[in-house]
Every structure is written in structure tokens, then in C-alpha cells.
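What you see below is based on every heavy atom in this structure, not just the backbone, and it leaves out hydrogens, waters and symmetry mates.
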Amino acid sequence: SIADAEDEWIIDLNFNAADCAVMDTCCLNRYPLEHLITLPAGSYILFLVNVEDNDMEFLRKASSVERVQKLPCRIIGEKELYQLQCTISDTGTNTDGMEGDSSPFYSLPKFKADFNSNNGGFHVAFTGCKIINHLNWRQIITHPSILMFFGGPLTMS
């Protein structure tokens, strides 16, 4: 039946979406910072970077990664974006930030200092190349149309 065919299609889609093997962002969930900081090292994400803003200091590596991965650019809201497959390679201060005031080593003032100084964040390793990039929380919050993160449906991650 048609319903059975749709169910099989959805199951297959979710299987591929879980490891970001699907390049169609419509099949993935956009991850806000609040979700990104909960992801463990090794989590697959599809990182989209606005092509026009690739000259920003923290994004210069995007065009190099794109040349290696050879993934098609994506158009969202009339903006062309590189699609870059990566994994979270080091959760950095995410773990400390998640513990908050319950941590004996981390406090709200330390979190604020890490945020404001661009120290708080995590590292991503790009698939197929040896490029690793630190992404800080402040960059992600202040550049929502330049930096976008997608991953498997939230119920699967």
C-alpha cells in the first residue's frame, strides 16, 4: 500500500539522516546552540557556511574543505551555503557549560567569561580531510545566517 511505501521511505531516510549521509537539509533538523552543546564527541553534523562570508577569520577553512568534500552548495533564503560534513571532535567547554553551577570547577561567571572571550565552544573535524576547526558559542549565536548546523532528527540523536 501507499502508506507502507511511505513508512519504508521514512525509515530509510532516517537511517541515512542519523549519520548525515543525506545532503538534503529538509531531511535533517537544524540544531540550535542549546542542542549542539549537549552532543557528545563523535556526533555527525552537517555544517552550512554562507559562501559570501567565507572570508571571515573563523570561516576561511570552509572553501578548502568544500574543495575536498565536493558537496553541492545549498541555497537557503537566497544565500548560497557550503555544505560540510563533520563530526564533533572535542566537546571542549560544552561539558563544563552543561554542568553549570553544579560543577565544582565551573561557575556562571566562568561561563560568561568563556562566552565573551570566545573561549567557550567545541571542535569539529571535517570528513575526508585533516582540517579541524574551533567553533565558539559566541560565533554561533551572533551569526545564525552564516553558520548553520543540521543533524539527524532530534529523536534519533
Side-chain angles (χ1 to χ4, degrees), residues 5-99 111 114-157:
E6 285 183 24
D7 284 346
E8 288 174 21
W9 181 78
I10 290 171
I11 290 168
D12 180 53
L13 173 65
N14 287 338
F15 176 76
N16 290 327
D19 64 2
C20 292
V22 175
M23 292 296 101
D24 184 356
T25 53
C26 295
C27 302
L28 304 171
N29 286 147
R30 184 169 180 186
Y31 288 174
L33 178 62
E34 295 83 357
H35 183 69
L36 287 168
I37 64 172
T38 67
L39 296 174
S43 296
Y44 294 99
I45 54 176
L46 184 63
F47 178 31
L48 274 62
V49 178
N50 190 330
V51 172
E52 290 180 8
D53 293 305
N54 186 45
D55 62 338
M56 295 178 69
E57 181 180 340
F58 58 94
L59 300 175
R60 289 191 181 126
K61 298 174 185 172
S63 57
S64 299
V65 173
E66 187 272 334
R67 283 192 298 275
V68 171
Q69 292 185 350
K70 297 180 177 146
L71 300 175
C73 286
R74 180 91 177 148
I75 305 295
I76 298 178
E78 299 183 12
K79 292 184 180 186
E80 185 177 23
L81 300 139
Y82 291 125
Q83 295 190 105
L84 310 172
Q85 287 181 319
C86 55
T87 57
I88 295 177
S89 61
D90 179 3
T91 56
T93 49
N94 284 356
T95 305
D96 295 332
M98 287 300 297
E99 289 182 17
F111 172 81
D114 283 346
F115 182 88
N116 290 326
S117 67
N118 295 330
N119 288 328
F122 55 94
H123 291 87
V124 293
F126 295 97
T127 306
C129 56
K130 295 182 181 185
I131 297 175
I132 295 175
N133 201 32
H134 178 258
L135 299 167
N136 67 63
W137 302 325
R138 188 180 187 103
Q139 291 169 329
I140 295 166
I141 290 287
T142 58
H143 299 95
S145 63
I146 297 172
L147 307 172
M148 298 180 198
F149 301 87
F150 292 83
L154 294 177
T155 56
M156 297 179 62
S157 57

Heavy-atom nearest pair, K61 first then I132, reads NZ-O, 3.0 Å

If you define the side chain from C-beta out and look only at heavy atoms, does anything of L46 sit under 4.5 Å from Q83? yes

Hey, does the side chain of E80 reach the backbone of R74 with a donor-acceptor pair shorter than 3.5 angstrom? no

Pairwise side-chain contact, F122 with D90, heavy-atom cut-off 4.5 Å (strictly under): no

Evaluate L135 against V124 for side-chain contact (heavy atoms from CB on, under 4.5 Å), listing each step before the verdict. CA-CA 8 Å; L135 299 167; V124 293; 3.9 Å; yes

How close do Y82 and E66 get, heavy atom to heavy atom, and via which atoms? CD2-CG, 3.2 Å

Could you walk me through whether F126 and T87 pass the side-chain contact (heavy atoms from CB on, under 4.5 Å) test, one step at a time? CA-CA 7 Å; F126 295 97; T87 57; over 6 Å; no

Minimal heavy-atom distance between T127 and Q69, with the atoms involved, is O-NE2, 2.8 Å

K79 to S145 - nearest heavy-atom pair and separation: NZ-OG, 3.4 Å

L84 side chain near V49 side chain, heavy-atom distance below 4.5 Å: yes

Measuring from I37:CD1 to W137:CH2, what's the distance to the nearest 0.5 Å? 6.5 Å

Approximate separation, where rounding is to 0.5 Å, of T38 OG1 and Y31 OH: 8.5 Å

Between SG of C86 and CZ of F149, what distance do you get to the nearest 0.5 Å? 7.5 Å

For I76 against M148, the heavy-atom pair lying closest together: CD1-SD, 4.3 Å

How many angstroms lie between NE2 in H35 and CG in N29, if you round to the nearest 0.5 Å? 8.0 Å

Could you give the distance from CD1 (I88) to CG (L36), rounded to the nearest 0.5 Å? 6.0 Å

Would you compute the distance between atom CG of L81 and atom CG of N50 and round it to the nearest 0.5 angstrom? 5.0 Å

Side chain to side chain contact (heavy atoms under 4.5 Å, CB included) with N136: of T142, N119, I141, N118, only one passes, and it is N118

Trace of the side-chain contact (heavy atoms from CB on, under 4.5 Å) decision for S64 with I131: CA-CA 9 Å; S64 299; I131 297 175; 4.0 Å; yes

Taking all heavy atoms of P144 and all of R30, pick out the closest pair and write down the distance. O-NH2, 2.6 Å

As a quick check of understanding, evaluate side-chain contact (heavy atoms from CB on, under 4.5 Å) for C73 and V51, giving each step before the final call. CA-CA 9 Å; C73 286; V51 172; 4.2 Å; yes

